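Please read the structure below before turning to the comments.
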Amino acid sequence: MQWNIPIGLTWMRIALIPVFTALFYIPNTWIAEETVNITAAAIFAVAGITDWLDGFLARHWKQTSDFGAFLDPVADKLMVAVALILLVKLNRTLDLYAMIIIGREITISALREWMAQMGKRNSVAVAYIGKLKTAAQMAAIFLLLLHTSPVGNFGLHFIGNLLMFIASVLTVWSMFYYLKMAWKEFQ
């Protein structure tokens with residue numbers, strides 16, 4: 001494995017996951033809930049920004065690698081899965097949304113791995129619908145983590161869950177899109 005800044009940013013995202021998780025297990029007598037929410041949302045935002053940044057830098061500096069291509073989506077899926085599980089535990093979103101999103105991620109990751117072994121990974125390359133799903137999902141998780149703000153609740157819970165519903169619909173739609181693309185390779 002070659003070490004470079006894009007790979008370092010990906011490892012940083014993975015290292016943030018236990019810190020992110022630990023925030024929700026700190027006794028509320030030590031730290032206010034609003035502080036936990038804002039800090040967790042900030043960590044999630046940093047993870048999202050570094051996800052974009054590591055890919056941009058890897059392409060710009062021509063430092064792409066097979067290991068980076070493997071590790072980057074793993075880091076993303078770990079952070080999203082942990083965030084969704086915590087949001088369900090905190091009763092901020094429906095478990096159904098978490099099951100749909102996590103289930104789809106496992107299914108499509110396995111499909112991509114299988115297609116890669118067949119030398120046809122490009123047939124399930126990221127599509128526009130997948131990018132829309134990710135945008136809705138990330139915004140929803142950010143708002144649901146923030147939950148409240150220091151100046152009051154501006155309906156973040158409602159908007160976050162509306163976006164989570166949209167993300168879930170796009171998740172199912174994109175899963176069927178990728179399965180359809182893969183199916184063409186089998187015919």
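For reference, positions follow the sequence shown, starting with 1. Every value quoted in this text rests on a predicted model; they were computed, and no experiment measured them.
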Let me see the working for Q63 and L57 under side chain to side chain contact (heavy atoms under 4.5 Å, CB included), right down to the final yes or no. CA-CA 8 Å; Q63 294 180 339; L57 293 177; 5.9 Å; no
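- N161 has its side chain within reach of Y97: a pair of non-hydrogen atoms, C-beta onward, lies under 4.5 Å apart.
- With rounding to the nearest 0.5 Å, the separation of CG in N4 from OG in S65 is 6.5 Å.
- Residues L143 and I49 are members of separate hydrophobic clusters, defined by side-chain heavy-atom contacts under 4.5 angstrom among Ile, Leu, Val, Met, Phe, Trp and Tyr.
- Atoms CD1 and CD1, from I5 and I7 in turn, are 12.0 Å apart once rounded to the nearest 0.5 Å.
- Side-chain atoms of I85 and I102, non-hydrogen and from C-beta on, do get closer than 4.5 Å to each other.
- Nearest heavy-atom pair, S168 versus I100, reported as atom, atom and distance to 0.1 Å: O-CG2, 3.9 Å.
- A donor atom on one side chain and an acceptor atom on the other are not found under 3.5 Å apart for T64 and R59.
- In this structure, the side chains of I101 and M164 come closer than 4.5 Å at one or more pairs of heavy atoms.
- Considering every non-hydrogen atom in both A167 and T171, the closest pair reads O-OG1, 2.5 Å.
- Atoms CG and CD, on L78 and E105 in that order, are 11.0 Å from each other to the nearest 0.5 Å.
- Side-chain N or O atoms of S109 include none that pairs as donor or acceptor with a backbone N or O of I106 at under 3.5 Å.
- Nearest heavy atoms, A15 versus P18: O-CD, 3.2 Å.
- M138 CE to K133 NZ: the interatomic distance, rounded to the nearest 0.5 Å, is 8.0 Å.
- Contact of the T50 side chain with the M12 side chain is registered, since non-hydrogen atoms from C-beta on lie closer than 4.5 Å.
- Linking Ile, Leu, Val, Met, Phe, Trp and Tyr whenever their side-chain heavy atoms come within less than 4.5 Å puts I26 and F24 in one cluster.
- Rounding to the nearest 0.5 Å gives a distance of 12.5 Å between CG of D66 and CG of L71.
- With contacts defined as side-chain heavy-atom distances shorter than 4.5 Å, the pair L156/L144 does not qualify.
- The shortest side-chain heavy-atom distance between W3 and W11 falls under the 4.5 Å cut-off.
- Taking the six-membered ring where the residue is Trp, H147 and H157 present perpendicular rings, their angle passing 60° and hence far from 30°.
- The minimum heavy-atom distance linking A136 with L170 is given by the pair CB-CD1, 4.4 Å.
- Rounding to the nearest 0.5 angstrom, the gap separating the CG atom in L84 from the CZ atom in R92 is 13.0 Å.
- Linking Ile, Leu, Val, Met, Phe, Trp and Tyr whenever their side-chain heavy atoms come within less than 4.5 Å leaves V88 and L86 in two separate clusters.
- Remark: side-chain polar atoms of D72 are not paired, donor with acceptor, to backbone N or O of G68 under 3.5 angstrom.
- G160 and A140 make their closest contact through O-CB, 3.3 Å (heavy atoms, listed as atom of the first residue, atom of the second, distance).
- Put simply, the side chain of N37 does not reach to within 4.5 Å of the side chain of L23, judged on heavy atoms.
- Remark: R112 is positioned above the aromatic ring of Y178, its terminal NZ or CZ atom under 6.0 angstrom from the ring centre and at most 45 degrees off the axis.
- In this structure the side chain of R13 reaches within 4.5 angstrom of the side chain of D51, judged on heavy atoms.
- With hydrogens and angles disregarded, a donor-acceptor distance shorter than 3.5 Å links the side chain of T21 to the backbone of I17.
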Dump the intermediate steps for ring pair (Phe, Tyr, Trp, His ring centres under 6.0 Å) on F56 and W52, then the final yes or no. CA-CA 6 Å; F56 173 80; W52 172 84; 5.2 Å; yes
